[in-house]
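Letters A, B, ... mirror the listed sequences (proteins, then strands); counts begin at 1. What you see is a predicted model; the values in this text were computed from it and never measured.
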Amino acid sequence: MNNLRENLKEQIIEQLNLEDIKPEDITNEGDLFGDNGLGLDSIDALEFIVLLESKYNIKISDPQEGKKIFKSIDTLASYIEKNK
Amino acid sequence: MKLIASCKINKTGVYLNSQLISRNDLSESNWITELYYDSNKEYPKFHKMDNLAKLAFLGFLFLEKKININNYKDDEISLIFSNASSSKTNDLKYINTYTNKGNPSPSLFVYTLPNILTGELAILNKWYGENIFFIQQKFDPKFYIEQIKFYFSKGAKAILAGWVESNDKNEECFLFFIEKKEGKLTIEKLNKLYQNE
């Protein structure tokens, strides 16, 4: 399961073109969005939707779900584990 | 118009009012990121920016030490910027995402205009003044002085102006801050500052 989290960190860095960030800079439980986290915003939420579809074949049908799913690496990994 | 301060950033270092103030031993590949970490500023959004916005952001961080933006209301500072290559570097990265990687990247798409950097500066400072971005063949001090006069005539009290360039051969940022006060800014003076003389 930790592999999934580490893979997600690498995929997020690649998908969002965060060239300065290393996987170890991203914690499992820290916020991904907002100024206290990685500083991601609604545009990046689109990237997350693309990532879930392309890498995990998971479609998010309700955009409102995204806020909870994309909160942290842990929440994202849990959602993938339940839905893949 | 009175020149208050200027800042030039390129791979050789950071120059504030033509004086080298920061390291000049930056690496070839990620010198812009090195300058960000040297600044000790925490601004997570920096990592998402394209190099144009990163350079403008860093230029402002250094310039801020020599100017007092608190003297102005949030709509009294205008932004006048230009460069030669528009957002070409980022545009090519964006094109690569839909031609080779399968999906157009929204996070790269938002930087496919050079004037996004003026938006980033406005967001950083919560400014609501006028802003404009020109594409020109090279840094043209005469043009800037004409534009500065125009914006002062339209009510601006101060102007943050700059040339921010990013292409495959060169990355540089030159910012200068002008106040609507007694003083003379000449084409020669502005050109010398840009040339770091």
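- Residues of residues 97-129 of chain B that come within less than 4.5 angstrom of chain A, heavy atom to heavy atom, are B:Lys101, B:Asn103, B:Ser105, B:Pro106, B:Ser107, B:Leu108, B:Val110 in numerical order.
- Clustering ILVMFWY residues whenever any of their side-chain heavy atoms sit less than 4.5 angstrom apart, transitively, puts B:Tyr43 in the very cluster that holds B:Trp31.
- B:Lys45 NZ: more than 12 foreign heavy atoms inside a 6.0 Å radius.
- The number of heavy-atom neighbours closer than 6.0 Å to CD of B:Gln137, taken from other residues, nucleotides and ligands shown, is 12 or below.
- Taken together through direct or relayed side-chain contacts under 4.5 Å among Ile, Leu, Val, Met, Phe, Trp and Tyr, B:Ile145 and B:Ile132 form part of one hydrophobic cluster.
- Within 6.0 Å of CD on B:Glu182 lie no more than 12 heavy atoms contributed by other residues, nucleotides or ligands.
- For B:Lys189, the NZ atom counts as loosely surrounded, since its 6.0 Å shell holds 12 or fewer non-hydrogen atoms of other residues, nucleotides or ligands.
- For chain B, the nearby parts of A:Leu18 are the backbone and the side chain; heavy atoms of each come within less than 4.5 Å.
- Shown here for B:Phe46 and A:Asp20, the closest heavy-atom pair between the two residues is CE2-OD2, 3.8 Å.
- In terms of hydrophobic clustering, with Ile, Leu, Val, Met, Phe, Trp and Tyr side chains grouped at heavy-atom distances under 4.5 Å, A:Ile49 and A:Leu51 are assigned to a common cluster.
- Cluster annotation: A:Val50 and A:Ile43 are assigned to distinct hydrophobic clusters (Ile/Leu/Val/Met/Phe/Trp/Tyr, side-chain heavy-atom contacts under 4.5 Å, transitive).
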Q. Passes salt bridge (Lys or Arg N to Asp or Glu O under 4.0 Å), B:Lys54 versus A:Glu19? Steps please.
A. CA-CA 12 Å; B:Lys54 283 179 176 174; A:Glu19 293 164 356; 5.2 Å; no
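- The one candidate from A:Leu16, A:Asn17, A:Asp44 that meets the side-chain contact (heavy atoms from CB on, under 4.5 Å) condition with B:Lys48 is A:Asp44.
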